[in-house]
Amino acid sequence: MKKRIIFLIGLMLLLPIVLAQTYKMEISTIPEDKIIGFGQSIQIKVNLRDENNNLVNDVVQIKLQDLKENFIVEKSIQSNAFEEVKLPETTLAGEGKIIATYKENGVEEVFFIGENEKARFEIDGEKLVVTNIGNVQYDNKIYITI
């Protein structure tokens with residue numbers, strides 16, 4: 001009886017190790033240089049393979065982080081196929097991360113968001129209102145001629 005109990009306890013402890021499967025994941029992007037212009041989109045593909053190197057077609061979770069590690073996009077995509085992801089226009093310029101997860105497995109890839117130094121000028125009554133509508137600090141000189 002003791003041997004059976006010890007065997008069952010050992011089996012219960014080893015079962016999660018046997019059931020846990022590892023997957024190989026790789027992120028591909030278009031553009032390949034991973035540099036995205038302001039307000040543009042990126043195409044992302046997550047290649048997913050099982051431990052026998054066979055392709056696995058399933059849904060993968062992706063998250064895009066900006067320079068300050070804020071999540072700017074969270075989306076489910078199909079593995080092994082490119083899918084377009086549009087970046088919000090409020091995304092900061094600089095280095096970001098693509099984080100892909102599937103079950104207990106994950107992979108990260110760095111990408112870069114280009115700078116857009118842009119401002120909007122409006123006259124409100126007797127005031128000039130300058131609004132930064134880009135993704136970096138607007139520090140150009142403004143000349144006013146009357």
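Here the structure is a predicted model, which means the values were calculated and not measured.
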Undergrad: Kindly indicate whether the side chain of Val110, heavy atoms from C-beta on, has any atom under 4.5 Å from the side chain of Lys34.
TA: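 Not in contact.
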Undergrad: Which heavy atom in Val85 sits nearest to a heavy atom in Ile62, and how many Å separate them?
TA: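 Smallest heavy-atom distance, with atoms named: CG2-CD1, 3.9 Å.
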Undergrad: Can you see which heavy atom on Ala93 is nearest to which on Gly114, and at what distance?
TA: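 Scanning both residues, the minimum pair turns out to be CB-O, 3.8 Å.
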Undergrad: If the condition is side chain to side chain donor-acceptor pair (under 3.5 Å), which residues does Glu104 pass it with, not counting sequence neighbours?
TA: none
Undergrad: Of Glu108, Gln61, Glu74, which meets side-chain contact (heavy atoms from CB on, under 4.5 Å) against Ile99?
TA: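 In the set Glu108, Gln61, Glu74, the residue that makes a side-chain contact (heavy atoms from CB on, under 4.5 Å) with Ile99 is Glu108.
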Undergrad: Between Lys68 and Leu92, does a side-chain contact (heavy atoms from CB on, under 4.5 Å) hold up when you go through it step by step?
TA: CA-CA 8 Å; Lys68 294 187 176 182; Leu92 297 174; 3.8 Å; yes
Undergrad: Please check if Phe111 and Val107 belong to a single hydrophobic cluster, counting links between Ile, Leu, Val, Met, Phe, Trp and Tyr side chain heavy atoms closer than 4.5 Å.
TA: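 Yes, same cluster.
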Undergrad: How long is the span from the OG atom in Ser28 to the CG atom in Asn47, to the nearest 0.5 Å?
TA: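 Output value for this atom pair is 5.0 Å.
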Undergrad: Quick one: which residue pairs count as a ring-ring contact (aromatic ring centres under 6.0 Å, His included) with a foot in residues 57-98, not counting sequence neighbours?
TA: none
Undergrad: Can you tell me how far the NZ atom of Lys45 sits from the OG1 atom of Thr29, to the nearest 0.5 Å?
TA: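 With rounding to 0.5 Å, NZ (Lys45) is 11.0 Å from OG1 (Thr29).
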Undergrad: Only counting residues at least two apart or in another chain, list the ones meeting side chain to side chain donor-acceptor pair (under 3.5 Å) with Thr101.
TA: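 Applying side chain to side chain donor-acceptor pair (under 3.5 Å) to Thr101 gives none.
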Undergrad: Do you see a donor-acceptor pair shorter than 3.5 Å between the side chains of Asp58 and Tyr102?
TA: yes
Undergrad: To the nearest 0.5 Å, tell me how far Gln65 CD sits from Lys97 NZ.
TA: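 Answer rounded to 0.5 Å: 5.5 Å.
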Undergrad: Compare all side-chain heavy atoms of Val129 with those of Ile123 and state whether any distance is below 4.5 angstrom.
TA: no
Undergrad: Decide, yes or no, whether a salt bridge links Arg120 with Glu122 under the criterion of side-chain N to carboxylate O below 4.0 Å.
TA: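 Answer for the salt bridge query: yes.
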Undergrad: Evaluate Val56 against Tyr23 for side-chain contact (heavy atoms from CB on, under 4.5 Å), listing each step before the verdict.
TA: CA-CA 9 Å; Val56 175; Tyr23 294 90; 4.0 Å; yes
Undergrad: Find out whether Ile98 and Ile42 are in side-chain contact, i.e. whether some heavy atom of one side chain is under 4.5 Å from a heavy atom of the other.
TA: yes
Undergrad: Would you say Val60 and Ser76 make side-chain contact, with heavy atoms under 4.5 Å?
TA: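 When only atoms from C-beta onward are counted, Ser76 and Val60 do not touch, as no gap falls below 4.5 Å.
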Undergrad: Taking side chain as C-beta onward, heavy atoms only, is Phe112 less than 4.5 Å from Ile36?
TA: no
Undergrad: So do the side chains of Leu64 and Ile44 get within less than 4.5 Å of each other, counting heavy atoms only?
TA: yes
Undergrad: Flag the pair Gln78 / Asn57 as yes when at least one side-chain heavy-atom distance between them is below 4.5 Å, and no otherwise.
TA: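 They are in side-chain contact.
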Undergrad: Using modelled atom types only, decide if a donor and an acceptor are shared between the side chain of Asn52 and the backbone of Asn54 within a distance under 3.5 Å.
TA: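 Looks like no, no N/O pair under 3.5 Å.
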Undergrad: Supply the atom-to-atom distance Ser79 OG to Arg49 CZ, rounded to the nearest 0.5 angstrom.
TA: 10.5 Å
Undergrad: What I want to find out is whether Lys75 reaches Glu83 closely enough, with some N-O distance under 4.0 Å, to be called a salt bridge.
TA: yes
Undergrad: Donor-acceptor pair, Asp50 side chain versus Asn53 backbone, under 3.5 Å?
TA: yes
Undergrad: Tell me the closest heavy-atom pair linking Ile27 and Glu109, and the distance in Å.
TA: CD1-CB, 3.9 Å
